[in-house]
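The structure under discussion appears below in the form of structure tokens.
In this text the structure is predicted, and so the values were computed from the model without any measurement.
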Amino acid sequence: MLILSSIALIVRIYYVNRLMAEVNISEDIYNAAKVSIGTNGLTSAFTGGFRIRSLYICNLYLAFLIFGNFTVSGVYLNILYQVLTVMLVYIVVKNLTNRYIGFAGSLILAILPIYISTLSEVTIQNMEILIAVLCSTIVISIIQWIYHRHTAKKSVSNKMIANKADSEKVEKSNLDSNNAFDANMNILPDTSMKEIRYDDLEDNKVQYIENPLPVPKRREHKEMDYAFEPTGSDEDYDVNDLAGKDFYDIE
């Protein structure tokens with residue numbers, strides 16, 4: 001907004017100093033302002049009721065007290081009205097779209113030659129444009145406020161419904177878990193009177209871990225047995241018949 005107002009003000013000051021040839025003040029506005037100043041001041045401007053024309057004459061009277069000339073006062077009033085209009089246009093377009101489009105639209109209005117050329121006409125036109133844009137800004141702001149409030153209430157209501165549904169799901173899940181736990185408790189056999197054995201105690205069992213170090217190869221156990229079994233009941237292990245048996249190297 002500061003950039004837009006600066007551009008609008010610089011362009012209008014350049015137009016007034018370089019391009020504006022003459023100022024055309026409305027005869028009705030001039031006579032009404034003179035009458036207001038010559039009688040009871042500001043109160044005479046509203047003798048016929050509150051109107052936009054009366055408000056303009058009141059502003060022109062206040063500017064006349066500063067600059068001392070109706071023509072100069074009217075030009076500077078037009079500059080003020082146009083700069084305020086550019087800023088309000090930016091606010092309206094930004095609220096309806098985004099700030100970039102609002103900046104572009106206000107910039108076009110700030111440098112529009114047709115709009116700038118109305119500075120040389122001391123009439124009520126620029127004030128009417130300002131009031132129209134101001135009313136539009138107020139109406140759009142009220143509509144957006146109502147819409148955002150309605151949307152916020154709706155979102156809060158939806159969030160409450162979602163939270164309620166989630167809480168119901170959690171309660172249902174907890175209830176199902178409790179029911180399943182009770183069912184498992186009913187299925188488990190009663191082991192209160194069962195004999196407890198030492199082997200059943202896991203804590204007392206020795207848990208071996210695998211030896212990570214190299215160990216020698218385990219030796220195979222050999223067993224010795226008799227070559228002949230006794231055939232009789234006398235358990236005589238002496239071999240009397242050596243025919244066909246070569247147990248010794250006999251030369």
With [X] via side chain to side chain contact (heavy atoms under 4.5 Å, CB included) - residues at least two apart:
X    : result
I146 : I142
S136 : none
L134 : L88, I138

Distance-only donor-acceptor hits, side chain of residues 112-119, under 3.5 Å, sequence neighbours excluded:
residue: S117; atom: OG; partner: P113; partner atom: O; Å: 3.3
residue: S117; atom: OG; partner: I114; partner atom: O; Å: 2.7
residue: T118; atom: OG1; partner: Q82; partner atom: NE2; Å: 2.8
residue: T118; atom: OG1; partner: Y115; partner atom: O; Å: 2.5
residue: T118; atom: OG1; partner: N126; partner atom: OD1; Å: 3.3

Gap separating the [atom1] atom of [X] from the [atom2] atom of [Y], nearest 0.5 angstrom:
X    : Y   : atom1 : atom2 : answer
I57  : F64 : CD1   : CZ    : 14.0 Å
L109 : Y90 : CG    : OH    : 14.5 Å
S5   : L2  : OG    : CG    : 5.0 Å
L62  : S73 : CG    : OG    : 10.0 Å

Determine, using the 4.5 Å side-chain heavy-atom cutoff (strictly less than), whether [X] and [Y] are members of one ILVMFWY cluster.
X    : Y    : result
M1   : L84  : yes
I66  : I79  : yes
I101 : I7   : yes
W145 : Y147 : no
F67  : V122 : yes

Over all atoms of both residues, closest heavy-atom pair of [X] and [Y]:
X    : Y    : result
L60  : G74  : CD1-N, 3.7 Å
L4   : S106 : CD1-CB, 3.5 Å
L130 : Y81  : CD2-CD2, 3.6 Å
A110 : A8   : CB-CB, 3.9 Å
G102 : T97  : N-OG1, 4.4 Å

Worked verdict on R12 versus N78 for side-chain contact (heavy atoms from CB on, under 4.5 Å)
CA-CA 10 Å; R12 279 152 182 77; N78 287 337; over 6 Å; no

Would you list the atom pairs, donor with acceptor, under 3.5 Å between side chains in residues 16-25 and any protein atom, with sequence neighbours excluded?
residue: N17; atom: ND2; partner: I13; partner atom: O; Å: 3.2

Heavy atoms of other groups near Y14 OH, more than 12 under 6.0 Å:
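Open: at most 12 neighbouring heavy atoms sit under 6.0 Å from OH of Y14.
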
Please report the C-alpha distance between L65 and Y61 in whole Å, then the side-chain angles of each, then the deciding distance to 0.1 Å, and finally whether the side-chain contact (heavy atoms from CB on, under 4.5 Å) criterion is met.
CA-CA 6 Å; L65 296 178; Y61 174 80; 3.8 Å; yes

inquiry  = Running the 4.5 Å side-chain criterion over Ile, Leu, Val, Met, Phe, Trp and Tyr, what cluster does I140 land in, apart from itself?
reply    =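 Under the 4.5 Å side-chain rule, I140 groups with V92, L96.
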
